[in-house]
Amino acid sequence: MTYGLLAAWALHDAEEVVFGPRWVREHLPELRERFPEVSERVWRVMEGVDEREFAVAVGAVGAVVAAAAVAGHRSGGRSAFFQAALNGFGLHGLVHLAQAAAVRGYTPGSATSPLVVVPFTLWARGRLRRAGVLRPTRAKDAVAGLAVAAGVTLAAHAVARKVTGTPTF
């Protein structure tokens with residue numbers, strides 16, 4: 001089950017790699033119009049992420065997810081790192097669904113979120129609960145998990161910019 005996190009993540013992020021940067025470029029004008037409260041700097045950063053940078057960033061996140069899966073395996077699922085990564089993965093799937101709802105259509109990651117991300121997370125948490133090793137999750141843990149996931153994503157893109165030579169904004 002612990003390595004299942006890495007497998008589920010890989011399936012989900014394959015969708016994002018295939019559709020992400022191109023979808024953003026194609027939909028940026030309508031997103032800017034629909035969400036004028038978003039800073040122009042955010043739009044410029046999104047516009048500047050090409051397929052190569054995105055793929056490297058996904059690889060960097062994959063290294064974190066792999067480390068969490070290994071920690072989970074070695075600890076029999078007890079690892080706080082593994083459980084936090086699992087929770088963050090599931091919550092990030094809900095964020096994808098919220099994004100799709102906000103744009104009233106497809107967004108990269110929204111197809112595999114209800115089919116892979118959320119069901120896997122619920123199944124894995126159920127296995128951990130039945131094994132008696134699931135740590136209690138409070139609202140502040142969920143907020144912290146999303147913050148860590150956002151931080152890992154930003155750090156992964158920073159690494160990707162260094163590797164690819166993409167200018168930093």
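All residue numbers refer to positions in the sequence shown, counting from 1.
- To the nearest 0.5 Å, atom CZ of residue Arg135 and atom CG of residue Asp141 are 10.0 Å apart.
- Below 30°, between 30° and 60°, or above 60°: for Trp123 and Phe120 the angle between ring planes is between 30° and 60°, a tilted geometry.
- The environment of CZ in Arg74 is sparse: at most 12 heavy-atom neighbours from other residues, nucleotides or ligands sit within 6.0 Å.
- Note that CD of Glu26 is 9.5 Å distant from CH2 of Trp23, once rounded to the nearest 0.5 Å.
- Within a 6.0 Å sphere centred on CD of Glu33, other residues, nucleotides and ligands contribute 12 heavy atoms or fewer.
- By the 4.5 Å heavy-atom criterion applied to side chains, Thr137 and Arg125 are counted as neighbours.
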Requested in this report: Could you check His92 against Thr153 for side chain to side chain contact (heavy atoms under 4.5 Å, CB included), going step by step and ending with a plain yes or no?
Outcome: CA-CA 11 Å; His92 125 274; Thr153 300; over 6 Å; no

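- Closest approach of Pro119 and Pro114 over heavy atoms only: CG-O, 3.2 Å.
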**Report entry** Worked verdict on Tyr3 versus Val70 for side chain to side chain contact (heavy atoms under 4.5 Å, CB included)
**Finding:** CA-CA 7 Å; Tyr3 288 120; Val70 168; 4.0 Å; yes

Report task. Using the salt bridge (Lys or Arg N to Asp or Glu O under 4.0 Å) rule, take Arg22 and Glu51 through it: C-alpha gap first, then chi angles, then the decisive distance, then the call. Result -> CA-CA 8 Å; Arg22 184 181 46 158; Glu51 282 81 354; 5.9 Å; no

Requested in this report: Show your reasoning for whether side chain to side chain contact (heavy atoms under 4.5 Å, CB included) applies to Leu11 and Thr112.
Outcome: CA-CA 8 Å; Leu11 283 171; Thr112 52; 5.5 Å; no

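- In this structure, CD in Glu15 is found 7.5 Å from NE2 in His96, a value given to the nearest 0.5 Å.
- Between the side chain of Arg130 and the backbone N or O of Gly126 there is at least one donor-acceptor pair closer than 3.5 Å.
- Side-chain contact between Lys140 and Val143 is absent, with no heavy atoms from C-beta onward closer than 4.5 Å.
- Listed for the Thr164 side chain is a donor-acceptor partner under 3.5 Å among the backbone atoms of Ala160.
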Report task. Please assess Leu146 against Val95 for the test side chain to side chain contact (heavy atoms under 4.5 Å, CB included), listing each intermediate value before the final yes or no. Result -> CA-CA 9 Å; Leu146 285 173; Val95 169; 4.1 Å; yes

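- Atoms OG1 and CZ, from Thr2 and Arg127 in turn, are 9.5 Å apart once rounded to the nearest 0.5 Å.
- Relative ring orientation between Phe54 and His157 is described as tilted, the plane-to-plane angle lying within the 30° to 60° band.
- Here the shortest heavy-atom pairing between Gly62 and Trp9 reads CA-CH2, 3.2 Å.
- Atom CH2 of Trp43 sits about 5.0 Å away from atom CG of Leu31, to the nearest 0.5 Å.
- From Phe82, atom CZ reaches atom CE of Met1 across 4.5 Å, with rounding to the nearest 0.5 Å.
- A 6.0 Å sphere centred on NE2 of His73 holds no more than 12 heavy atoms belonging to other residues, nucleotides or ligands.
- Within the 4.5 Å cutoff, the side chain of Val49 has no heavy atoms near those of the Val24 side chain.
- Scanning both residues, Ala57 and Ala156, for their nearest heavy atoms gives O-CB, 3.4 Å.
- Of all heavy-atom pairs between Ser110 and Leu97, the closest is O-CD2, 3.9 Å.
- Using a 4.5 Å cut-off between side-chain heavy atoms of Ile, Leu, Val, Met, Phe, Trp and Tyr, with links allowed through other members, Phe89 and Val64 fall into the same hydrophobic cluster.
- For the pair Asp13 (side chain) and Glu16 (backbone), a donor-acceptor distance under 3.5 Å is absent.
- Here the closest heavy-atom approach between residue Gly90 and residue Val117 is recorded as CA-CG1, 4.0 Å.
- Residues Gln99 and Val103 fail the side-chain proximity criterion, which asks for heavy atoms closer than 4.5 Å.
- Gln83 places a side-chain N or O within 3.5 Å of a backbone atom of Val133 that can act as its donor or acceptor partner.
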